Structure formats: C-alpha cells, structure tokens
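Take a look at the structure set out below.
Remember, it's a predicted structure, so these values are computed and weren't measured experimentally. Throughout, numbering of the chain's residues begins at 1 and tracks the sequence. All values below come from the heavy atoms of this structure, side chains included, with hydrogens, waters and symmetry mates left out.
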Amino acid sequence: MITGFGGFALTSILTHLVFIAVSWWALQALQFDKLLRANHVLQARVLYILASIALGSTVSNFFLDYLQWSQQLPMIFQ
C-alpha cells in the first residue's frame, strides 16, 4: 500500500512514463503515413508524441484511479 504523498507521486510519474511508452509502441502499429502529407516528417513525429502522451496519460490516470479506489475499498467494512 502506498503511504504518503511522496510514494504516490513517484508511482504516478512512473506509471505515466510506462503507459506513454506503451502507447508509443502501440501507435507504431497504425499506418498514419496514408493520412499525412508527404515531406512532413517532423510534424508526423510531433503528432505521434502528442498522441502517445494523450493516450498514455488517459490510461495511466485510469490505472491510478483504480489503484486508489482498490486501496480505499477496505474502508467500507470499518
């Protein structure tokens, strides 16, 4: 169980980074080159990065909320 704000902050940072990396890896399976203009490589990379951050942060927030709720669940029985 996470005790204190420091542990939760460290867990939050690590899960965000992990899920952003996983979403980057998962987005590589899509073929965005058909949707993007030719010779716009830098803009395509920025789009991949922003999409990875948005998707990874969303999944990480869900994971952290679920973790926090599961830790609060035993308080029902007190």
Side-chain angles (χ1 to χ4, degrees):
M1 185 143 99
I2 300 171
T3 57
F5 291 111
F8 187 73
L10 182 62
T11 304
S12 297
I13 290 170
L14 291 176
T15 57
H16 273 78
L17 291 176
V18 166
F19 282 114
I20 288 171
V22 169
S23 65
W24 172 269
W25 173 75
L27 284 174
Q28 297 298 316
L30 297 176
Q31 291 181 344
F32 279 127
D33 46 339
K34 294 180 181 180
L35 298 174
L36 302 173
R37 294 181 188 167
N39 301 324
H40 290 275
V41 177
L42 181 62
Q43 292 170 336
R45 288 181 184 168
V46 170
L47 180 62
Y48 266 117
I49 291 169
L50 293 176
S52 297
I53 291 171
L55 182 61
S57 295
T58 303
V59 174
S60 179
N61 283 332
F62 170 77
F63 177 77
L64 290 170
D65 285 343
Y66 194 83
L67 178 66
Q68 189 174 13
W69 295 333
S70 66
Q71 289 175 347
Q72 292 173 352
L73 199 58
M75 293 181 191
I76 292 176
F77 304 110
Q78 290 181 353

May I ask whether [X] and [Y] are part of the same hydrophobic cluster, defined by side-chain heavy atoms of I, L, V, M, F, W, Y residues being less than 4.5 angstrom apart, directly or through others?
X     : Y     : result
Leu36 : Leu27 : yes
Leu30 : Ile53 : yes
Val22 : Val59 : no

### Donor-acceptor contact present, side-chain Ser60 to main-chain Gly56, <3.5 Å
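Checking the backbone N and O of Gly56 against the side chain of Ser60, no donor-acceptor pair under 3.5 Å is found.
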### Query
Can any side-chain N or O of Ser57 pair as donor or acceptor with the backbone N or O of Ala54 at less than 3.5 Å?
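Not at all, since once roles are kept as given, no pair shorter than 3.5 Å links the two residues.
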Rounded to the nearest 0.5 Å, how far does [atom2] of [Y] lie from [atom1] of [X]?
X     : Y     : atom1 : atom2 : result
Leu64 : Thr15 : CG    : OG1   : 3.5 Å
Phe19 : Ser23 : CZ    : OG    : 10.0 Å
Thr11 : Phe8  : OG1   : CZ    : 7.5 Å
Ser52 : Ile20 : OG    : CD1   : 8.0 Å
Asn61 : His16 : CG    : NE2   : 4.0 Å

Throw together a table of side-chain donor-acceptor distances under 3.5 angstrom for residues 38-50, partners on residues two or more places apart or in other chains.
unit_1 : atom_1 : unit_2 : atom_2 : d
His40  : ND1    : Gln43  : OE1    : 2.6

